[in-house]
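It should be emphasised that the depicted structure is a prediction, and the values quoted were computed from it without experimental measurement.
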Amino acid sequence: MTRKTLALLLAAPVAALALDGISFGHGDWQLVCDNTGTCRAAGGKDGAQDAKGGNGPGTAVLLTRQAGANAAVTAEIAIYTPEGQNTPQSLTLYHEHGKEKAQAAGKVALQAGEDDLTTGTLDAAQTQTLLTALRGKDDRITLRDGSSDAVWTISGEGAAAVLLKMDDFQQRVGTPSALIQPGKENKAVLEAQAKPVIHPAPVASGEPQTLKINDAAHAALWQKLVVQGKTSCAQQDDAAKADIILYPLNDAHRLAAIDCDGEIAAPYGTRKLFAVVSPDLKTVEALPGNPDWNDGYENGVIYATDPGSMASCKEEQRYIWDGDAFQRFYEASTGTCKAFTVGFWEMPIFVSELKQ
């Protein structure tokens, strides 16, 4: 290959590849970046135990940044107030560096949130103060209400590694917009990607049909699922004794659903095996969704939850019927649960646009 030919190849336009989201955790921090290039970094930690053995004030923070050189970082906080203490209406943000006197960085207004948590949004200057502290080795950020000894501390353990990973994903390392290793490199960073478009199809109306275990059609379909399915559900003797529910999709497809008895997909749900089958039940066309996570179906949407999830701290996927197959259209986690017993933030790893 000549140099001229190589130069022409390098100069030729390259088709854009779909962007894959990532998930990364270190210390008290977790990073999730989605397929549009938007990254969310969440940090949290329980407060120190008090004299009675209970947890003190818990604090969590969420940093969000879209792709693109000029994209700013936004910051939100959530706090938990120990029982017996009044929930403050605002807190003052303090930046502490080593043994130097803590510097006040203004008040953060608070409002009641979900799950008995209180939330607030940092302004641009406070967000920069927070980022400065997270980059420092002997810095910390605290929030105080001035009327009690309660102190809410934002953990920096693992923050630098997570923010560096965010920079790397968004191709900022060495550029002026990097958070951890800024530089003067004049190179393009990751641009925001368009959401993939999915066209849902309405499912047929009508009540689902139930195949009882003593039906000949049940036994015949179950044998096909055992051959088609490679999940543990399809091998369970108990599942073979469960009824098969048949949901109408359209004239050419039906959705078969079977409870995988004894296999928990979430704290309050049982894992299910789904199969797209022909109307005569002779052909198993696909096992849609996530066969290891599936735990629900409603009106053309399959819900799937990570079996390792806790009641309120979970990772979930959703799939929607497009007339031929079930397409993943959403996947997210609720973020770190280190500060509270619930996962508070919505941190998508895959998003899409639904258009009829």
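- The line from CG of Asp215 to CG of Leu221 is 11.0 Å long, rounded to the nearest 0.5 Å.
- Minimum heavy-atom separation, Leu31 to Ala41: CD1-CB, 4.2 Å.
- We find the CZ-OG distance between Arg40 and Ser23 to be 12.5 Å, quoted to the nearest 0.5 Å.
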Can Val32 and Ile22 be said to form a side chain to side chain contact (heavy atoms under 4.5 Å, CB included), step by step?
CA-CA 6 Å; Val32 180; Ile22 63 167; over 6 Å; no
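- Within the structure, no pair that satisfies the salt bridge (charged side-chain N to carboxylate O under 4.0 Å, His left out) test touches residues 192-206, not counting sequence neighbours.
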Under 3.5 Å, side-chain donor or acceptor atoms of residues 155-164 against the rest of the protein: list the pairs with distances, not counting sequence neighbours.
unit_1	atom_1	unit_2	atom_2	d
Ser155	OG	Asp28	OD2	2.6
Ser155	OG	Glu157	N	3.2

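- A side-chain donor-acceptor contact under 3.5 Å links Asn294 to the backbone of Pro288.
- Residues Thr121 and Thr74 have side chains not in contact (no heavy-atom distance under 4.5 Å, counting atoms from C-beta outward).
- Side-chain atoms of Asn35 and Asp20, non-hydrogen and from C-beta on, never get closer than 4.5 Å to each other.
- Between the NE2 atom in His218 and the CD1 atom in Ile258 there is a gap of 6.0 Å [rounded to 0.5 Å].
- For the pair Pro248 and Pro208, the tightest heavy-atom approach, listed with the atom from each and the gap, is CD-CA, 4.4 Å.
- At most 12 non-hydrogen atoms from other residues, nucleotides or ligands lie less than 6.0 angstrom from CG of Asp251.
- Pairing each heavy atom of Ala42 with each of Trp345, the nearest pair is CB-CD1, 3.6 Å.
- With sequence neighbours left out, the side-chain contact (heavy atoms from CB on, under 4.5 Å) criterion links Thr210 to Lys212, Asp243, Ile245.
- Not one N or O on the side chain of Asp306 forms a donor-acceptor pair closer than 3.5 Å with the backbone of Trp293.
- The distance from atom CG of Leu122 to atom CD1 of Ile77, rounded to the nearest 0.5 Å, is 6.0 Å.
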For the pair Tyr297 and Leu255, evaluate side chain to side chain contact (heavy atoms under 4.5 Å, CB included) and give the outcome as yes or no after the intermediate values.
CA-CA 10 Å; Tyr297 169 79; Leu255 181 69; 3.5 Å; yes
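- For the pair Thr334 (side chain) and Lys314 (backbone), a donor-acceptor distance under 3.5 Å is present.
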Verdict with reasoning, Leu19 to Asp34, per side chain to side chain contact (heavy atoms under 4.5 Å, CB included)
CA-CA 8 Å; Leu19 184 67; Asp34 68 30; over 6 Å; no
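- Listed here is the closest heavy atom pair of Asp139 and Gly136: OD1-CA, 3.7 Å.
- The shortest distance between side-chain heavy atoms of Asp259 and Leu273 does not fall below 4.5 Å.
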Phe326 vs Val301, test: side chain to side chain contact (heavy atoms under 4.5 Å, CB included). Steps then yes/no.
CA-CA 8 Å; Phe326 282 91; Val301 176; over 6 Å; no
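- Around the CG atom of Asn214, the shell of radius 6.0 Å holds more than 12 heavy atoms that belong to other residues, nucleotides or ligands.
- When side chains are defined from C-beta on, Val73 does not count as touching Leu130, because their heavy atoms never get closer than 4.5 Å.
- Crowding of Glu298 atom CD: a count of heavy atoms from other residues, nucleotides or ligands under 6.0 Å not exceeding 12.
- Qualifying salt bridge (Lys or Arg N to Asp or Glu O under 4.0 Å) partners for Lys184, counting only residues two or more places apart in sequence or in other chains: none.
- Residues passing the salt bridge (Lys or Arg N to Asp or Glu O under 4.0 Å) test with Glu353, sequence neighbours excluded: Lys355.
- Partners of His199 under the side-chain hydrogen bond (donor to acceptor under 3.5 Å, both in side chains) rule, at least two apart in sequence or in another chain, do not exist in this structure.
- At a threshold of 4.5 Å between non-hydrogen side-chain atoms, the residues Thr64 and Thr38 count as touching.
- Atom-to-atom distance recorded for Trp152:CH2 and Thr59:OG1 is 8.0 Å, nearest 0.5 angstrom.
- For the pair Thr118 and Tyr80, the minimum side-chain heavy-atom distance is 4.5 Å or more.
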Cut-off 3.5 Å, no hydrogens considered: what does the side-chain donor-acceptor table look like for residues 170-177, sequence neighbours left out?
unit_1	atom_1	unit_2	atom_2	d
Gln170	OE1	Arg172	NE	2.8
Gln170	OE1	Arg172	NH2	3.2
Gln170	NE2	Gly37	O	2.8
Gln170	NE2	Arg65	O	3.0
Gln170	NE2	Gln66	O	3.4
Arg172	NH1	Gly68	O	3.0
Arg172	NH1	Ser177	OG	3.0
Arg172	NH2	Gln66	O	3.0
Arg172	NH2	Gly68	O	2.8
Thr175	OG1	Arg172	O	2.6
Thr175	OG1	Ser177	N	3.4
Thr175	OG1	Ser177	OG	3.3

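- For Asn250, the side-chain contact (heavy atoms from CB on, under 4.5 Å) partners at least two apart in sequence or on another chain are Ala252, His253, Trp321.
- The side-chain hydrogen bond (donor to acceptor under 3.5 Å, both in side chains) check on Tyr330 picks up Glu346, with sequence neighbours excluded.
- Applying the side-chain contact (heavy atoms from CB on, under 4.5 Å) criterion to Arg328, with sequence neighbours excluded, gives Tyr319, Glu331, Phe350.
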Pair Lys99, Asp138 - check salt bridge (Lys or Arg N to Asp or Glu O under 4.0 Å), show working.
CA-CA 9 Å; Lys99 296 181 180 180; Asp138 196 19; over 6 Å; no
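- Using a 4.5 Å heavy-atom threshold, the side chains of Ile79 and Leu110 count as touching.
- Panel note: side chain Thr127, backbone Asp123; a donor-acceptor pair is recorded below 3.5 Å.
- Looking at Thr153 and Ile141, their side chains never come closer than 4.5 Å, going by heavy atoms from C-beta outward.
- Residues passing the side-chain hydrogen bond (donor to acceptor under 3.5 Å, both in side chains) test with Thr92, sequence neighbours excluded: Lys107.
- A single hydrophobic cluster is not seen to contain both Val151 and Tyr94; linkage of ILVMFWY side chains at heavy-atom distances under 4.5 Å, directly or through other members, places them apart.
- Formation of a donor-acceptor pair under 3.5 Å by the Gln103 side chain with backbone atoms of Lys101 is found in this model.
- With hydrogens and angles disregarded, no donor-acceptor distance shorter than 3.5 Å links the side chain of Glu285 to the backbone of Thr283.
- For Gln209, the side-chain hydrogen bond (donor to acceptor under 3.5 Å, both in side chains) criterion is met by Arg254, not counting sequence neighbours.
- How far CG of Leu179 is from NZ of Lys165: 15.0 Å, rounded to the nearest 0.5 Å.
- When each of His95, His97, Glu96 is checked for a side-chain hydrogen bond (donor to acceptor under 3.5 Å, both in side chains) with Arg140, only Glu96 meets the rule.
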